[in-house]
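Some notes on the structure that comes next.
Below, chains carry the letters A, B, ... as their sequence lines are ordered, and counting in each starts from 1. In this text, all values refer to a predicted model and were calculated from it rather than measured experimentally.
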Protein chains: 2
Amino acid sequence: MSPPDSSRPRSDKNGSERAEHLAGLIMALARREGMKAGDRLIEQRLADALDLSRAPIRLGLKALEAAGLARGEPHRGFVLAKNPTSIAAQPALAAVRRNEQVYATIAGDVLATRLPADVTEAELMRRYDVTRAELQRLLDRIAAEGWIARLPGYGWRFAETVSSPEAQAQAKAFRAVIEPAAIAQPGFALTQEVIIRLRERQQRVFEDEIEKMTIGEIFQSGCEFHEEIIRGAGNPFFLEALRRVNSIRRLFAYRSFADRDGMRRHVREHLRLLDVLETRRYTEAADLMARHLQRPLVAGLS
Amino acid sequence: MSPPDSSRPRSDKNGSERAEHLAGLIMALARREGMKAGDRLIEQRLADALDLSRAPIRLGLKALEAAGLARGEPHRGFVLAKNPTSIAAQPALAAVRRNEQVYATIAGDVLATRLPADVTEAELMRRYDVTRAELQRLLDRIAAEGWIARLPGYGWRFAETVSSPEAQAQAKAFRAVIEPAAIAQPGFALTQEVIIRLRERQQRVFEDEIEKMTIGEIFQSGCEFHEEIIRGAGNPFFLEALRRVNSIRRLFAYRSFADRDGMRRHVREHLRLLDVLETRRYTEAADLMARHLQRPLVAGLS
DNA sequence: GATTGTTCTTTTGTGCAACAATATACAATC
DNA sequence: GATTGTATATTGTTGCACAAAAGAACAATC
């Protein structure tokens with residue numbers, strides 16, 4: 001119909017989009033693990049932690065070096081050049097992949113119901129100007145996160161879980177059921193190591209990182225905390241259910257504002273919960289969790 | 001390595017695999033709806049119910065006619081030729097699609113841990129002798145059901161939810177938490193129509209169909225019952241969580257034997273539950289549900 | 001007025017071949 | 001002994017042309 005519009009260049013000439021992405025993953029990991037400047041970045045260890053092999057890790061490391069965040073000597077591997085900070089604060093890695101942007105745009109459009117519940121791939125390809133392959137990866141990811149599903153014929157349907165305005169309250173109600181229940185499960189237990197690791201991380205956040213973290217990171221850290229706790233039930237169904245809720249809550253998170261004080265209080269509750277869990281008073285812990293989840297707090301943040 | 005084995009014929013000459021599949025869907029629907037011989041099969045209505053358009057429905061109807069299960073007059077549409085019975089009992093439609101078999105085989109292999117947790121697509125293609133496209137559809141479906149997930153690099157990883165031997169008990173524990181809790185949610189409500197429809201269906205199963213149904217069908221009917229109930233909470237997170245558990249329980253179901261008496265008792269409990277729900281005694285209903293779910297019963301059947 | 005028959009358009013799946021990314025194994029180096 | 005460097009095999013992705021499936025609109029029939 002319209003003139004054969006010279007479509008957007010197939011692949012922009014930034015050679016190393018993937019590499020920068022990997023670099024970001026590595027930095028995020030280093031951050032979570034509380035690594036400091038000077039710590040070694042051991043390929044195999046990173047590979048294991050990220051469920052990859054050394055080849056892609058190495059790409060990421062080279063990108064980190066190019067960005068000045070790591071230093072490498074031949075045969076001696078790489079070393080962190082700076083204390084890892086928020087990725088968002090690293091302009092050198094700011095080449096957020098195009099797909100991320102499209103993802104975010106779609107998420108925004110769905111949340112604002114600017115998209116119909118049922119859509120076809122072709123529609124989306126036109127609307128967001130992506131290739132079929134790119135779109136399919138996106139859709140697969142979204143499907144895995146549980147907010148879109150294939151229709152039997154053509155097209156996809158967004159889950160009501162996202163499109164509805166009450167979704168946030170519903171997510172909260174759901175968590176208020178499963179999280180305390182998980183803790184109250186007969187076999188519930190957390191190893192000392194896990195508790196220590198969680199406490200360290202929360203403490204770090206509490207003491208000096210809250211100010212430097214983005215909303216997304218704070219949210220992520222909260223999710224990981226709760227998921228680690230619920231994992232203690234030893235029942236993957238609880239964990240998986242929580243993961244799904246969280247992946248949807250993440251969509252809302254970007255809209256919520258940063259209330260650093262509220263967050264501090266929130267993290268303090270996490271620490272308190274850990275204390276109770278450590279002494280194995282699980283009934284009490286379940287109770288505490290229930291109250292923790294009821295607190296109003298920052299919209300959408302727990 | 002081995003001689004270039006003349007691979008399996010691309011597409012066996014059964015022209016209408018898809019059509020038979022659609023026919024099966026239509027019969028299953030007719031069955032669920034309690035239709036009888038002589039009832040009209042209205043294209044648009046079927047299309048709406050199956051989330052498809054009339055084109056594929058029509059294919060299915062023609063296949064049904066070819067199989068002698070429906071009769072069609074020009075310009076007068078199709079009519080059920082026989083009371084719809086178990087699809088398994090319809091040899092004419094027995095051309096279960098090859099993919100179903102592969103699916104079942106994979107499921108079996110995973111349950112019996114004959115497969116490693118991490119697999120690559122190429123491995124699976126070789127092992128089950130399917131094309132890439134076929135395999136991808138299967139994997140997508142399995143991923144949607146939640147028991148496999150893509151790894152960041154190559155390959156896929158089966159969820160521990162399936163591979164572990166305690167999965168069944170864990171599914172039960174999880175349901176015992178969410179189902180009663182859903183009923184106990186503040187806004188819980190079921191419309192009279194839903195209750196009536198459910199009661200009808202359960203009654204039908206109870207009175208004369210249990211004997212004729214396959215394990216899979218009985219299981220399916222149970223799932224639908226519970227899902228319909230939980231939907232009353234108006235919170236899609238509960239519903240979705242239950243759906244996921246059920247799609248995994250379905251894998252186990254095929255291994256369990258048929259205890260028709262246990263099932264009768266089971267269905268009777270469903271009917272009792274409906275009575276309580278009808279009078280809006282939700283606390284009591286939640287209780288009843290909790291007990292219903294605790295009952296040992298047939299392995300894997302609730 | 002509802003339903004079916006027919007036709008046309010749009011959308012999606014498929015197979016292939018070149019290409020890119022990842023994994024693996026082993027040698028080299030600290 | 002652990003870690004990095006390198007080479008090679010394996011695996012997955014992309015774009016394209018073509019085939020098949022699904023959807024939509026409207027006429028024909030009951």
Answer yes or no: is there an ion pair linking A:R201 with A:E224, defined by an N-O contact shorter than 4.0 Å? yes
Between D:dT10 atom C1' and B:R132 atom CZ, what is the distance in whole Å? 11 Å
For C:dT11, does either OP1 or OP2 sit under 4.0 Å from a side-chain N or O belonging to A:R126? yes
Output every pair passing salt bridge (charged side-chain N to carboxylate O under 4.0 Å, His left out) with a member in residues 39-50 of chain B, not counting sequence neighbours, ordered by first then second residue. B:E43-B:R54, B:E43-B:R58
Could you give the CE-to-P distance, from B:M125 to D:dT11, as a whole number of Å? 10 Å
Could you state the atom-to-atom distance from CG of B:L151 to P of D:dG12 in whole Å? 10 Å
The answer to which of A:G153 and B:G77 contacts DNA chain C further toward the 5' end, by nearest nucleotide, is B:G77
Would you jot down, in residue-number order, the residues of residues 39-58 of chain B having a non-hydrogen atom under 4.0 Å from DNA chain D? B:L52, B:S53, B:A55, B:P56
Heavy atoms of A:I57 and A:L50 approach each other most closely as CD1-CD1, 3.9 Å
Of A:E73 and A:P152, the one whose nearest nucleotide on DNA chain D sits closer to the 5' end is A:E73
So which atom in B:I248 and which in B:G146 form the shortest heavy-atom distance, rounded to 0.1 Å? CD1-O, 4.3 Å
Counting the atoms with a prime plus P, OP1 and OP2 as sugar-phosphate, which does B:E121 contact under 4.0 Å by heavy atoms, base, sugar-phosphate, or nothing? sugar-phosphate
Nearest-Å distance for atom pair CD/C1', residues A:E20 and C:dA21: 17 Å
Output the rounded distance in Å from CD (B:E65) to C1' (C:dT4). 14 Å
Please state how far atom CD in B:E123 lies from atom C1' in C:dT24, giving the value in whole angstrom units. 14 Å
Closest heavy-atom contact between B:A37 and B:A81? CB-O, 3.8 Å
Between B:L80 and B:M27, what is the shortest heavy-atom contact and its length? CD2-SD, 4.0 Å
Of B:L22 and B:W156, the one whose closest nucleotide on DNA chain D sits nearer the 5' end is B:W156
To the nearest angstrom, the CD-C1' distance between B:Q136 and D:dT11 comes to 12 Å
Figure out the CZ/C1' separation between A:R76 and C:dA28, and round it to whole Å. 14 Å
Salt bridge check: are A:R244 and A:E145 linked by an N-O gap of less than 4.0 Å? no
